[in-house]
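Whatever order the structure lists ligands and atoms in, that order sets their numbers, starting from 1. What you are looking at is a predicted structure, and each value in this text was computed from that prediction instead of being measured. Throughout, residue positions are numbered sequentially from 1 according to the sequence presented.
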Amino acid sequence: MNVYDSHRIAAILQNLGFTEASSLKTADLVIFNTCHIREKAAEKVFSDLGRLNMIRQERLAQGLDTIIGVVGCVVQAEDEQIAKRSPFVDFALGPLTYHRLPEILAKIQKKKGMTLIDTEFPAESKFDYLPDNTSMGGCSFLAIQEGCNNFCTYCVVPYTRGIETSRPVEDVIKEAKKLVSEGSLEINLLGQNVNSYHGEDSSGKERNLAYLLRKLNEIEGLERIRYTTSYPADVDDDLIACHKDLPKLMPYLHLPIQSGSDSILKAMNRRHTSGQYLETIHKLKEANPNLGFSSDFIVGFPGETDADFSATLDVVNKVKFIQAFSFKYSRRAGTPAALMPNQIEEKVKKERLEILQDLLFSYQLKFNKESVGKIMPVLFDNKGRHKGQLIGRTPYMQNLHAELGKEYCNKIVNIKITGATVNSLTGILEEK
Ligand code: 5AD
Ligand code: SF4
């Protein structure tokens with residue numbers, strides 16, 4: 001979501017006549033887009049700001065001014081901290097108000113030195129005020145839903161991104177068609193709780209994610225559809241059927257479980273048990289036996305015992321995730337879990353994370369190794385580290401490196417997989 005927000009912010013700036021600077025030292029305007037999900041991410045902002053202030057001072061000595069802005073969830077949660085710890089910041093905007101950048105920049109440019117903070121939950125939707133979304137190349141993000149009503153007890157999102165809102169069906173379809181006309185072959189629908197999407201159609205009727213996916217599947221020129229991130233309890237039969245019926249829907253689903261222990265899931269205020277999660281996975285696999293799953297995990301949630309942690313390992317052994325994201329629990333001020341007793345020692349969290357990641361990586365590596373020898377359609381959308389190399393994604397979201405000229409960029413190409421590591425594949429062009 002932050003990559004997407006940054007893309008939209010860059011478009012606002014381009015509309016205002018800004019061009020990309022080659023380095024921080026030559027930038028007249030620097031905006032940090034920030035994440036508040038875990039403490040480490042939030043703290044990074046302050047050290048980055050400190051470093052930027054030094055550059056700002058050097059530029060000032062040369063008679064050059066730098067406008068510094070902070071946007072995103074850290075602003076929503078820590079606006080006073082920003083003003084106190086980094087008083088040189090010119091403006092700070094929450095994730096729902098960055099469409100107001102033009103008016104704020106205009107004010108600052110007029111009266112440099114003024115600090116403005118805007119962390120309102122606005123009545124208007126930013127999507128109605130932003131310049132049209134533009135293609136990011138072969139793969140584009142399209143936000144369809146924002147915010148979350150789930151209030152998992154560890155999570156800041158409902159407080160920083162606000163309550164759930166869904167964009168109207170017609171707006172999404174129109175935007176998707178525009179992205180395709182600009183060269184997008186793949187669209188990844190985004191939302192903090194994307195599968196609880198309930199946007200209105202033109203007649204005012206509420207429609208679900210499955211309805212939207214079916215509509216998108218009809219768009220000519222669109223080859224691949226993904227959606228992320230889903231909440232297990234909101235996966236309904238309609239959505240499951242899409243994985244059977246829609247050829248453009250990729251066979252990869254990110255479905256976070258967080259923990260395999262029912263008592264921890266309850267303490268997390270998750271609306272599902274591990275059994276219900278496994279049942280959903282089972283139904284999805286029945287709909288499409290080729291589906292691969294990924295998940296998010298938190299270890300060391302308050303009160304997590306060795307037995308609770310073992311239950312998480314059990315789920316991993318059952319589902320055999322092909323990718324996963326795992327984190328040590330991070331205590332976030334203002335969330336209920338931060339006040340829970342039995343907070344887990346850092347040492348234990350670290351040990352558990354290592355054990356979990358070793359297991360997750362073993363399944364990921366196994367899946368990647370099994371891909372060797374297969375031919376897969378790969379969508380290339382990035383340059384590799386060296387000349388003549390491109391990076392793309394398989395249908396299963398595996399990163400793939402290939403020695404290919406840039407004429408293959410933003411195209412889907414059949415590739416024979418020749419090598420695999422935990423994090424990526426290599427392959428060669430499959431001659432037709
Ligand atoms: N500590 C650790 N991980 C967290 N996540 C959300 N909040 C926290 C927290 N307080 C993780 C969850 C979520 C992912 C985006 O970040 O696993 O799915
Ligand atoms: Fe946070 Fe996701 Fe839970 Fe919403 S569903 S509160 S975004 S972890």
Students should be able to answer this: which protein heavy-atom is nearest to [atom], and at what distance?
atom	result
atom 5 (S) of ligand 2	N150 ND2, 3.4 Å
atom 3 (Fe) of ligand 2	C152 SG, 2.3 Å
atom 9 (C) of ligand 1	S330 O, 3.6 Å
atom 14 (C) of ligand 1	D296 OD2, 3.5 Å

Legend entry - Ligand-residue contact atoms, ligand 2 with Y231, heavy atoms, under 4.0 Å: 5 (S)
Inset, instruction - Pull out every atom of ligand 2 sitting under 4.0 Å from any heavy atom of F151, numbered as shown with elements. - result: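 Checking each atom against F151, I get 6 (S).
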Inset, instruction - Measure R331 to ligand 1 on non-hydrogen atoms and call it side chain, backbone, both or neither using the 4.0 Å cut-off. - result: neither
Legend entry - Y154 and ligand 1 - part of the residue with a heavy-atom distance under 4.0 Å: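 Y154 to ligand 1: contacts from backbone and side chain alike.
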Legend entry - P158 and ligand 2 - part of the residue with a heavy-atom distance under 4.0 Å: side chain
Inset, instruction - Determine whether the side chain, the backbone, both or neither of Y154 has a heavy atom under 4.0 Å from any heavy atom of ligand 2. - result: side chain
Ligand 1 atoms in contact with [X] (distance to a heavy atom under 4.0 Å):
X	value
R38	1 (N), 2 (C), 3 (N), 4 (C), 5 (N), 11 (C), 16 (O)
F327	3 (N), 11 (C), 14 (C), 16 (O), 17 (O)
K328	1 (N), 2 (C)
Y329	1 (N), 2 (C)
Q258	12 (C), 13 (C), 17 (O), 18 (O)
R332	10 (N)

Legend entry - Any N, O or S atom of C148 closer than 2.8 Å to atom 4 (Fe) of ligand 2: yes
Legend entry - R38 NZ/CZ over F327 ring centroid, <6.0 Å and within 45° of normal: yes
Legend entry - T160 side chain vs C73 backbone, donor-acceptor pair below 3.5 Å: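 Side chain of T160 to backbone of C73: no pair is present.
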Inset, instruction - Could you tell me whether a side-chain N or O of Q192 sits under 3.5 Å from a main-chain N or O of G147, the two making a donor and an acceptor? - result: yes
Inset, instruction - Assess C155: does it contribute an N, O or S atom lying under 2.8 Å from atom 3 (Fe) of ligand 2? - result: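 No, C155 does not qualify, because none of its backbone or side-chain N, O or S atoms lies under 2.8 Å.
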Legend entry - Aromatic centroids of Y227 and H254 separated by under 6.0 Å: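 No; Y227 has its ring centre 6.0 Å or more from that of H254.
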Legend entry - Parallel, tilted or perpendicular: ring planes of Y277 versus F321, cut at 30 and 60 degrees: tilted
